[in-house]
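Below is one structure, written out as structure tokens; comments come after it.
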Amino acid sequence: MAYELLHSITADLRLARQLADIADAMSMDYFNRRDLGVYVKEDRTHVTDGDRAVEQAIRAKLADERPSDSVYGEEFGTEGTSRRQWIIDPIDGTANFMRGVPIWATLIALVIDGRPEVGVVSAPALNRRWWGSTGHGAYLDDDLADSDTATDRRIHVSGVDRLEEGQFSYGSMQYWLQAGQLAPVVEFNERMWRSRAIGDFWPYMLVAEGAFEVACEIDLQAYDMAALVPIIEEAGGQFTSIDGQDGPWHGSALATNGALHDEALAVFRAHRQ
């Protein structure tokens with residue numbers, strides 16, 4: 001059974017990377033357009049023509065390759081009820097995408113029985129792609145522009161074991177302020193070596209690469225997080241909500257190098273209202 005799962009995951013990872021290839025070609029085309037359509041959704045977040053087109057293309061490919069699987073995407077909701085569910089964020093970082101900032105990515109995850117088993121994060125404007133799958137490790141390709149000379153390398157979290165020596169990212173301060181949860185962010189800023197307000201996918205990938213030790217955000221959806229989980233965990237890190245619940249289902253994210261996870265959770269517990 002374990003061999004069958006591993007074999008299946010290998011094929012699923014291959015497909016996920018093919019989906020990322022499709023997404024990258026489309027998203028870069030839209031990113032470079034001067035006439036990009038931008039709209040405001042009911043939840044007051046933005047969506048672009050690129051978000052919708054990328055998700056539709058991924059769904060079309062999955063309908064051909066995995067017709068019995070369920071799909072859950074940010075823009076078009078859920079189709080199907082399979083125990084195998086693909087979770088898609090077509091453009092994570094839409095605000096950056098629509099303003100010409102290159103920090104955005106397509107997030108593709110395969111969740112089986114509620115556990116993220118495959119994750120691909122592809123950021124073509126940064127010329128970088130990360131992926132991970134259960135039992136296979138986590139990897140980075142930092143030369144997407146030249147597939148003939150691929151520079152895929154295995155990545156691993158850092159060995160830093162003191163908050164005072166680590167780097168920290170916390171997304172947008174505005175969200176912490178609005179939620180009345182600024183105190184733990186202030187403590188991290190006071191205690192840790194350096195902090196950066198990098199949002200969306202990138203700080204989590206920097207944790208996986210060993211460049212950062214702690215990354216956290218609130219007010220998230222499963223499609224913001226599912227693809228991150230296998231990459232973080234296969235790189236040797238840990239991913240929970242800010243109150244310690246496993247997986248991408250609880251509205252917030254705390255990713256660490258593992259060695260600092262308990263200490264980071266303790267900071268949030270100390271300031272819990």
Side-chain angles (χ1 to χ4, degrees), residues 38-47 51 72-75 77 87-99 101 103-105 107 109 114 116 121 163-164 166-208 212-229 231-233 237-258 260-273:
V38 179
Y39 316 94
V40 178
K41 297 189 286 189
E42 291 184 2
D43 64 1
R44 306 303 298 169
T45 61
H46 290 90
V47 63
D51 295 76
Y72 168 41
E74 178 176 7
E75 307 307 334
I87 300 183
I88 310 299
D89 189 344
I91 305 290
D92 183 56
T94 297
N96 288 336
F97 184 79
M98 70 187 196
R99 295 294 299 273
V101 179
I103 303 174
W104 51 269
L107 313 186
V121 173
L163 281 180
E164 290 74 14
Q167 296 207 85
F168 166 62
S169 178
Y170 54 92
S172 172
M173 185 176 290
Q174 180 181 22
Y175 295 123
W176 298 96
L177 280 168
Q178 291 173 345
Q181 297 193 58
L182 188 58
V185 174
V186 171
E187 180 172 340
F188 281 120
N189 273 272
E190 290 174 341
R191 292 181 59 185
M192 296 190 71
W193 173 49
R194 299 174 81 233
S195 65
R196 292 292 181 268
I198 304 171
D200 306 309
F201 68 94
W202 203 7
Y204 303 96
M205 298 302 93
L206 291 171
V207 170
F212 274 49
E213 281 67 48
V214 178
C216 58
E217 285 180 280
I218 54 176
D219 195 25
L220 299 178
Q221 303 296 324
Y223 50 70
D224 297 311
M225 298 181 278
L228 312 177
V229 177
I231 301 171
I232 296 279
E233 293 183 345
Q238 192 168 350
F239 189 104
T240 67
S241 66
I242 62 172
D243 55 2
Q245 299 179 86
D246 289 334
W249 313 113
H250 309 289
S252 65
L254 173 64
T256 74
N257 66 348
L260 296 178
H261 206 83
D262 288 345
E263 193 171 0
L265 284 173
V267 172
F268 284 108
R269 283 196 298 269
H271 295 283
R272 191 164 296 152
Q273 295 180 347

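Counting from 1, the numbers follow the sequence of the chain as shown.
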Tabulate below the donor-acceptor pairs under 3.5 Å that side-chain atoms of residues 247-256 make, not counting sequence neighbours, or state none.
from	atom 1	to	atom 2	distance (Å)
Trp249	NE1	Gly114	O	3.1
His250	ND1	Gln245	OE1	3.3
His250	NE2	Asp246	O	3.1
Ser252	OG	Ile242	N	3.0
Thr256	OG1	Gly258	N	2.9
Thr256	OG1	His261	ND1	2.9

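- In this view, Glu190 satisfies the salt bridge (charged side-chain N to carboxylate O under 4.0 Å, His left out) rule with no residue, not counting sequence neighbours.
- Listed for the Ser169 side chain is a donor-acceptor partner under 3.5 Å among the backbone atoms of Ile198.
- Distance check: Ile87 CD1 to Glu74 CD gives 12.5 Å after rounding to the nearest 0.5 Å.
- For the pair Ala183 and His271, the tightest heavy-atom approach, listed with the atom from each and the gap, is CB-ND1, 3.5 Å.
- Between the side chain of Asn96 and the main chain of Ile103, a donor-acceptor pair closer than 3.5 Å is present.
- Remark: Phe212 pairs with no residue by the ring pair (Phe, Tyr, Trp, His ring centres under 6.0 Å) rule, at least two apart or across chains.
- Nearest heavy-atom pair across Val121 and Ala105 is CG1-CB, 3.9 Å.
- Glu164 is listed as a side-chain neighbour of Arg191, based on a closest heavy-atom distance under 4.5 Å.
- With Glu213 contributing its side chain and Gln167 its backbone, the two residues share a donor-acceptor pair below 3.5 Å.
- Here the CG atom belonging to Leu220 is positioned 9.0 Å from the CG atom belonging to Asp200, to the nearest 0.5 angstrom.
- Contacts of Gln174 classified as side chain to side chain contact (heavy atoms under 4.5 Å, CB included), with partners at least two apart in sequence or in another chain: Ser172, Gln178.
- The CZ atom of Arg194 sits 12.0 Å away from atom CG of Asn189, with the distance rounded to the nearest 0.5 Å.
- Legend: residues meeting ring pair (Phe, Tyr, Trp, His ring centres under 6.0 Å) with Tyr175, ordered by chain and number and at least two apart, are absent.
- A 4.5 Å side-chain heavy-atom check between Cys216 and Trp176 finds at least one atom pair inside the cut-off.
- Atom CH2 of residue Trp104 and atom CD1 of residue Ile91 lie 5.0 Å apart, to the nearest 0.5 angstrom.
- The two atoms that bring Glu217 and Tyr204 nearest to each other are OE1-OH, 2.9 Å, heavy atoms only.
- Between Arg272 and Asp243, the closest side-chain pair of non-hydrogen atoms falls below 4.5 Å.
- A donor-acceptor pair under 3.5 Å is formed between the side chain of Asp92 and the backbone N or O of Phe201.
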Report the C-alpha distance between Thr94 and Val47 in whole Å, list the side-chain angles of each, state the deciding distance to 0.1 Å, and finish with yes or no for side chain to side chain contact (heavy atoms under 4.5 Å, CB included). CA-CA 7 Å; Thr94 297; Val47 63; 5.6 Å; no
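- Separation of atoms OG (Ser241) and CE (Met225) is listed at 8.5 Å; rounding is to 0.5 Å.
- Listed by chain and residue number, Phe168 satisfy the ring pair (Phe, Tyr, Trp, His ring centres under 6.0 Å) test with Tyr170 (two or more places apart in sequence, or in another chain).
- The two residues Ala95 and Met98 have their closest heavy-atom pair at O-CG, 3.5 Å.
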